[in-house]
Amino acid sequence: MTYKAIQLSKRPNGDLTPDIFETVELETPTLEEGQFLVKQTYMSLDPAMRTWLNPREDSYMPPVQIGEVMRSYGVGEVVESRNPDYPQGARVIGTTGWAEYVLGNEEMQVVDPSLDPEALLSVFYVTGLTAYVGLIKIGRPQAGETILVSGAAGSVGSLAGQMAKAEGLRVVGTAGSDEKCRWLEEELGFDKAINYKSDNLALELDQACPNGIDLFFENTGGPIQALAYKRMNRFGRILVCGMIAEYNFEQPAPGPNWMDINLKGLRVEGFVVPDHLDKAQEATEALTKYVQNGQIRYRTHVIEGLDSAKEGINLLFSGENQGKLLVKL
Ligand SMILES: NC(=O)c1ccc[n+]([C@@H]2O[C@H](COP(=O)([O-])OP(=O)(O)OC[C@H]3O[C@@H](n4cnc5c(N)ncnc54)[C@H](OP(=O)(O)O)[C@@H]3O)[C@@H](O)[C@H]2O)c1
């Protein structure tokens, strides 16, 4: 039997274009002892994918090589198995690839088949763990503090903001459209959401954060970065989660001067989720509680069919995704 997969055929130059990917037909493997085959049903599209396409070797993951199937996270069903830990019919979540079928790996987790795969990828797994680690473990938020979340209407940002609200913080978010800002304020309970495309971003930030910023959950980079940095309070924490505004640039923009870090005792900490897998269990428990208490809502943006990933990934960069971007296979 053959199946469809999408390989990287050349490295991107700036913006992602579909011609860097090639759809191929591959033979399903004959399983050896210990192996299992997964039919992928949902695939996550993530901004990090853009960074995996750069040839740098000093990042947290090796680059996807030319000729390799594009890397992704996803959910699927075990359709054939020679591994008793992953029996036929089990639902699994893990690192997959842009492919209809993938050979399973031992890092895949078996999940309760009654759980909605869209919820799993939107609220738990990488997305939820990222928000949890950044906010709770690295940010160490205190009730009464003010947090600014950039990329607040995105999957990670919306979770981080809602968790901060549940922890008693004043929560301010930035997003790229008035519709997203309304969703943040009216549906998710953010105290204030600002459209970062506003001509008055600095003034709006001052008004939204009258007591300055204690935590800055940074998902984007771009103009908000310098404005937030100048408004940090003493002993503030900057949680560097992502820099999507910079991923398509050959040369990222220069960062702020270190003087404020020194004089205000700021802590600036970058993190990537693969370094924090030991916290997955506690993150799942904490997120489950927030969900059960009605403190977390999410929305998904689902596109259909494997090939839709090639163009669809750009929805993340244009900001047209409304919620966690998923491909349904
Ligand atoms: N550290 C980690 O382990 C980890 C794990 C997962 C994700 N991340 C990072 O977290 C960030 C959010 O990821 P996500 O998966 O939750 O994606 P997402 O926020 O659901 O989608 C990406 C969003 O980024 C915004 N964006 C795109 N270009 C922008 C620009 N030039 N300036 C400002 N905003 C821009 C768009 O929203 P607007 O309409 O608001 O512009 C878009 O909807 C990314 O930087 C990602 O790399 C990090």
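Just so you know, ligand 1 is whichever comes first in the structure, and atom 1 is the first atom listed for that ligand.
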Indicate yes or no: does an N/O atom of [X] lie under 3.5 Å from an N/O atom of ligand 1?
| X | value |
| --- | --- |
| Lys197 | no |
| Gly176 | yes |
| Gly221 | no |
| Tyr247 | yes |

What part of [X], side chain from CB on, backbone N/CA/C/O, both or neither, has a heavy atom under 4.0 Å from ligand 1?
| X | answer |
| --- | --- |
| Thr220 | side chain |
| Glu320 | neither |
| Val273 | both |

Suppose I only count heavy atoms of [X] and a 4.0 Å limit; which atoms of ligand 1 are within that range?
| X | answer |
| --- | --- |
| Gly242 | 9 (C), 45 (O) |
| Met243 | 45 (O) |
| Ala175 | 40 (O) |
| Val156 | 6 (C), 7 (C), 16 (O) |
| Phe317 | 27 (C), 28 (N) |
| Lys180 | 37 (O), 38 (P), 39 (O), 43 (O) |
| Pro47 | 13 (O), 14 (P), 15 (O), 17 (O), 44 (C), 46 (C), 47 (O) |

Proximal candidate to [atom] [heavy atom criterion; set [options]]:
| atom | options | value |
| --- | --- | --- |
| atom 26 (N) of ligand 1 | Ile244, Leu184, Leu239 | Ile244 |
| atom 6 (C) of ligand 1 | Leu159, Thr130, Leu129 | Thr130 |
| atom 14 (P) of ligand 1 | Gly151, Gly154, Ser155, Ser158 | Ser155 |
| atom 1 (N) of ligand 1 | Tyr73, Phe249, Phe271, Tyr196 | Phe271 |
| atom 11 (C) of ligand 1 | Ile224, Leu315, Val126, Asn219 | Asn219 |

Nearest non-hydrogen protein atom, atom 31 (N) of ligand 1:
Ala245 CB, 3.3 Å

Closest protein heavy atom (residue, atom, distance) for atom 36 (C) of ligand 1
Gly319 CA, 3.6 Å

So that I can tick it off, tell me whether [Y] and [X] are bridged by a salt bridge, with the cut-off set at under 4.0 angstrom between side-chain N and carboxylate O.
| X | Y | value |
| --- | --- | --- |
| Arg297 | Glu187 | yes |
| Glu185 | Lys192 | yes |
| Asp46 | Lys324 | yes |
| Asp19 | Lys310 | no |
| Lys137 | Glu282 | yes |

For Glu77, which of Lys39, Gln88, Arg91, Gln40 qualifies under side chain to side chain donor-acceptor pair (under 3.5 Å)?
Arg91

Minimum-distance pair of heavy atoms, taken over all atoms of [X] and [Y]:
| X | Y | answer |
| --- | --- | --- |
| Met243 | Val240 | SD-CG1, 4.4 Å |
| Leu159 | Ser122 | CD1-O, 3.7 Å |
| Tyr86 | Val78 | O-CG1, 3.4 Å |

Are Val75 and Leu129 linked, directly or through other ILVMFWY residues, by side chains that come within less than 4.5 angstrom of each other?
yes

For salt bridge (charged side-chain N to carboxylate O under 4.0 Å, His left out), just list the numbers for Asp214 and Arg237, CA-CA rounded to whole Å, side-chain angles, deciding distance to a tenth of an Å, and then say yes or no.
CA-CA 6 Å; Asp214 301 295; Arg237 287 84 80 204; 5.4 Å; no

At the 4.0 Å heavy-atom cut-off, does Ser177 count as touching ligand 1?
no

Hey, are the side chains of Thr96 and Arg71 touching, using non-hydrogen atoms and a 4.5 Å cut-off?
no

Distance flag, aromatic centroids of Tyr73 and Tyr125, threshold under 6.0 Å
yes

